[in-house]
Protein chains: 2
Amino acid sequence: MNQLDATFAALADPTRRAILARLIQGEASVMELAEPFAMSQPSISKHLKVLENAGLISRGRDAQRRPCRLEAKPLAEANDWLERYRKIWEGNFQRLDALLGAMKAEKAPDSTDQ
Amino acid sequence: MNQLDATFAALADPTRRAILARLIQGEASVMELAEPFAMSQPSISKHLKVLENAGLISRGRDAQRRPCRLEAKPLAEANDWLERYRKIWEGNFQRLDALLGAMKAEKAPDSTDQ
DNA sequence: CTTGTATATAGCCAATCAGGTATATACCCT
DNA sequence: AGGGTATATACCTGATTGGCTATATACAAG
């Protein structure tokens, strides 16, 4: 499983996305992370392991606590992948550039297309 | 399963990402999409169904062909979600703003941090 | 109406997943 | 050492996944 696979798979679960969102505010222990969820502690630990294996969190040691912190860099790769599609979703076109090329500016381009 | 779940889950498979990448170049039939892969046609059809259910492709009809085209809009939502983390991965900091606040500009801020 | 081509569906299987409970481990405190 | 707290691991289960083969459907062309 490559990095991109692992990243997207980790992000596919809403519990894990919520955990990452929480970690934007800073480090948190497993108990703290588990608190908002109607889910057992071992299940949260499992989600944390998925995030850790994907490189999206790292863990420290504070007495018996294992605080989690966000490691956002792998998200950059996912973001880069998505960027390839940006012009398509933002322009609301499907190969519009090629189409325009084929039409050879039949009409004056007035940019009112959306 | 919400939209974001479906989007990220669809993107977690390299075959599906390759199919989407191919579709940037324009519509393609199932056979055309299957060609680069050492995989049976029904398996490709299954992947296409996952992409369609996630709203990432739509399909037309051309005789017995069912051409696929990219529907990139759902990717915008995924991109928006990732954007929340951009300043973290780009700044190479972990709650640096809060940390700087706590230190109360102990040193003159010269912006050479990265 | 038969044949060929493109695609979808059904059913099988092994692997993974997401949850659970029970238990083990790690660390602190007295 | 013994007790409490935080976390991890082991194991079970049902659902989902990703692949396969075999078969069904949709359409075009003769």
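Order of the sequence lines fixes the chain letters, A, B, ..., with proteins taken first and strands second; residue numbering starts at 1 for each chain.
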Positions of residues 40-56 of chain A (non-hydrogen atom under 4.0 Å from DNA chain C), listed by number: Ser40(A), Pro42(A), Ser43(A), Lys46(A), His47(A)
Are [X] and [Y] close enough that some pair of their side-chain heavy atoms sits under 4.5 Å apart?
X	Y	answer
Glu83(B)	Asn79(B)	yes
Leu82(A)	Leu11(B)	yes
Arg59(A)	Leu48(A)	yes
Leu20(B)	Ile24(B)	no

Calculate the interatomic distance between [X] atom [atom1] and [N] atom [atom2]; express it in whole Å.
X	N	atom1	atom2	value
Ile57(A)	dT7(D)	CD1	P	12 Å
Met1(A)	dT17(D)	CE	C1'	11 Å
Glu32(A)	dT7(D)	CD	C1'	13 Å
Arg65(A)	dC27(C)	CZ	C1'	10 Å
Met39(B)	dT17(D)	CE	P	16 Å
Arg17(A)	dA18(C)	CZ	C1'	15 Å
Asp62(A)	dC27(C)	CG	P	12 Å
Arg66(B)	dA28(D)	CZ	P	13 Å

Would you say dT7(C) has OP1 or OP2 under 4.0 Å from some side-chain N or O of Arg59(B)? no
OP1 or OP2 of dG18(D) under 4.0 Å from side-chain N/O of Arg16(B): yes
Lys49(B)/Glu52(B) ion pair, N-O < 4.0 Å: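 No salt bridge links Lys49(B) with Glu52(B).
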Start at the 5' end of DNA chain C and walk down; is the nucleotide closest to Arg61(A) or to Asp13(A) reached first?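 That would be Asp13(A).
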Are Leu33(B) and Met39(B) grouped together when hydrophobic residues (ILVMFWY) are joined by side-chain heavy atoms under 4.5 angstrom apart?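 As far as the 4.5 Å side-chain criterion goes, Met39(B) and Leu33(B) are connected within one cluster.
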Should Leu4(B) and Ile19(A) be regarded as members of a common hydrophobic cluster, given that ILVMFWY residues are connected when their side-chain heavy atoms come within less than 4.5 Å of each other, either directly or indirectly? yes
Through what angle, rounded to 10 degrees, does the axis of the helix from dC1(C)-dG30(D) to dT30(C)-dA1(D) turn between its ends, using five pairs per end? 10°
Side chain to side chain contact (heavy atoms under 4.5 Å, CB included), that's the test. Do Met31(B) and Arg65(B) meet it? Break it down for me. CA-CA 9 Å; Met31(B) 295 294 267; Arg65(B) 265 155 236 116; over 6 Å; no
So, does Tyr85(A) use its side chain to make a donor-acceptor pair with the main chain of Ala21(B) at under 3.5 Å?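 Here the side-chain-to-backbone pair exists.
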Out of dT5(C), dT7(D), dA6(D), minimum distance to the side chain of Gln64(A) belongs to dA6(D)
